[in-house]
Amino acid sequence: GNSVTQMEGPVTLSEEAFLTINCTYTATGYPSLFWYVQYPGEGLQLLLKATKADDKGSNKGFEATYRKETTSFHLEKGSVQVSDSAVYFCALSEISAGANSKLTFGKGITLSVRP
Amino acid sequence: NAGVTQTPKFRVLKTGQSMTLLCAQDMNHEYMYWYRQDPGMGLRLIHYSVGEGTTAKGEVPDGYNVSRLKKQNFLLGLESAAPSQTSVYFCASSIRSTEAFFGQGTRLTVV
């Protein structure tokens, strides 16, 4: 079945540091890939997405490129802010043989950014 | 512009009690999902629905039932609550393999 593996956390960075959060996936077909963010006490919100190989998703200074050859979708940001402190989830969605589309999530990683 | 609305937001149950969590979406989405979120476990899919009148089991369906009588509503039921069902529950909706929209969550404690 499909699966998503994220790097272990938590991650603590100083403001303006460079961020990389690794995500790799296993899928039988051609999934869409997503990064979701969850701020404290809230539900998940879509941060960015990519629907085919070599696509780059970007939003709020975050970027991730769909790499089919390495089955990866790593999240990066050049300069993090305190307001980026949140839990980040990598996810994939693939239409299965039964034409059902389910989101499969990684375990999430907590990012804390200190001033 | 409500999106996905979950009720209630908080609930405390005694072991053996039953309850229903309601999820409502106003985006005319076909797909709806119920997840639970536990520390260190990420999000785990409980049940999902690909259209009105349909439901399917996810990764952790035991102890839960669901119904999708109307396209906009997806109900999650606990027939006999257990402490292991203490969790934060999220509902989401989507159009097939596009991004999902999440509710704010329901924090359930079973004592």
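Keep in mind it's a predicted model, so treat the numbers as computed, not measured. In what follows, chains carry the letters A, B, and so on, assigned in the order in which the sequence lines appear, proteins first and then strands, with residues in each chain numbered from 1.
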If I take atom CD from residue B:Glu59 and atom OG1 from residue A:Thr104, how far apart are they, to the nearest 0.5 angstrom?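 Going from CD on B:Glu59 over to OG1 on A:Thr104, the span is 8.5 Å.
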Quick one: pull up CD in B:Glu99 and OG1 in A:Thr51 and give me the separation to the nearest 0.5 Å.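 Reported to 0.5 Å precision, the distance equals 10.5 Å.
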Is [Y] reachable from [X] through a run of I, L, V, M, F, W or Y residues, each pair having side-chain heavy atoms under 4.5 Å apart?
X	Y	value
B:Met19	B:Tyr35	no
A:Phe89	A:Leu75	no
A:Phe34	A:Leu92	no
A:Tyr36	A:Leu47	no
A:Ile109	A:Leu13	yes

When you look at [atom1] of [X], are more than 12 heavy atoms from neighbouring residues, nucleotides or ligands closer to it than 6.0 Å?
X	atom1	result
A:Glu69	CD	yes
A:Glu42	CD	yes
A:Lys77	NZ	yes
A:Tyr30	OH	no

Let me know if B:Leu43 has heavy atoms under 4.5 Å from chain A in its side chain, its backbone, both or neither.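 Both parts, backbone and side chain.
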Please determine, among B:Gln37, B:Met41, B:Arg44, the option with the most heavy-atom pairs under 4.5 Å with chain A.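 If we count pairs closer than 4.5 Å to chain A, B:Gln37 comes out on top.
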Listed by residue number, which members of residues 100-111 of chain B have a heavy atom under 4.5 Å from any heavy atom of chain A?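 Against chain A, the residues of residues 100-111 of chain B that fall inside the cut-off (heavy atoms, under 4.5 Å) are B:Ala100, B:Phe102, B:Gly103, B:Gln104.
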What part of A:Gln45 gets within 4.5 angstrom of chain B, counting heavy atoms only: side chain, backbone, both, or neither?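 Neither part.
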Which region of A:Leu44, side chain (C-beta onward) or backbone (N, CA, C, O), has a non-hydrogen atom less than 4.5 Å from a non-hydrogen atom of chain B, or is it both or neither?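 Interface part for A:Leu44: both.
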